[in-house]
Amino acid sequence: MRQAFAHEALVEMPSDADIHAPGAAVTVALCGHWDHPPPCPDAPHHTAAVRTPDGVRLRILFATEPPGELPVRRRIEEALRAGWLRGPDGTVTRWRLLGCNASSVTAAETAHGARLADG
């Protein structure tokens, strides 16, 4: 049975860069492409991105079977470490991963995590 997990990251990117590009890179890593029909084939997920004075903070909520947790986290980190994504218009967005770590699902995320786990 799938379970919800959370992952956080901080990336540095130019102020005019698309803050959604790192999340799209995560989707490519987990699903093969950012534009695919639902459901996500491996790990249903959601990425929130917020620009802060420290950089762009990403919070990835995902669902997978417990044995799949670490492999999914590795794929998320590899996508973010790559540091770039070519968008649908050909524009390349670049970023630098400053930090990445596992996190707990918050009380506010519990319902969303349950929906992801249900598929």
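Counting only heavy atoms from C-beta outward, the side chains of Leu61 and His112 approach each other to under 4.5 Å. At least one side-chain heavy atom of Cys31 sits under 4.5 Å from a side-chain heavy atom of His45. In this structure, the side chains of Val92 and Leu85 stay at 4.5 Å or more apart for every pair of heavy atoms. Within the 4.5 Å cutoff, no side-chain heavy atoms of Thr93 are placed close to those of Trp84. Residues Phe62 and Ile76 have side chains in contact (heavy-atom distance under 4.5 Å, counting atoms from C-beta outward). Proximity of Val11 to Leu58: side-chain heavy atoms (C-beta onward) are separated by under 4.5 Å at one or more points.
When all heavy atoms of His33 and Thr27 are compared, the pair lying nearest together is O-CG2, 3.6 Å.
The other members of the hydrophobic cluster of Leu10, by chain and number, are Leu98 (side-chain heavy atoms under 4.5 Å, ILVMFWY only).
Remark: Asp118 does not engage Arg2 in a salt bridge, criterion side-chain N to carboxylate O under 4.0 Å. A salt bridge links Glu8 and Arg59; the closest N-O separation between the charged side-chain nitrogens and carboxylate oxygens is under 4.0 Å.
Panel note: side chain Trp95, backbone Pro22; no donor-acceptor pair is recorded below 3.5 Å. The backbone N or O of Arg74 sits nowhere less than 3.5 Å from a side-chain atom of Glu77 that would complete a donor-acceptor pair.
A side chain to side chain donor-acceptor pair (under 3.5 Å) check over residues 9-25, counting only residues at least two apart or in different chains, returns the pairs Glu12-Arg96.
With 3.5 Å as the limit, one finds a donor-acceptor pair spanning the side chains of Thr91 and Asp89.
Scanning for side chain to side chain donor-acceptor pair (under 3.5 Å) contacts around Arg73 gives His7, Glu69, with sequence neighbours left out.
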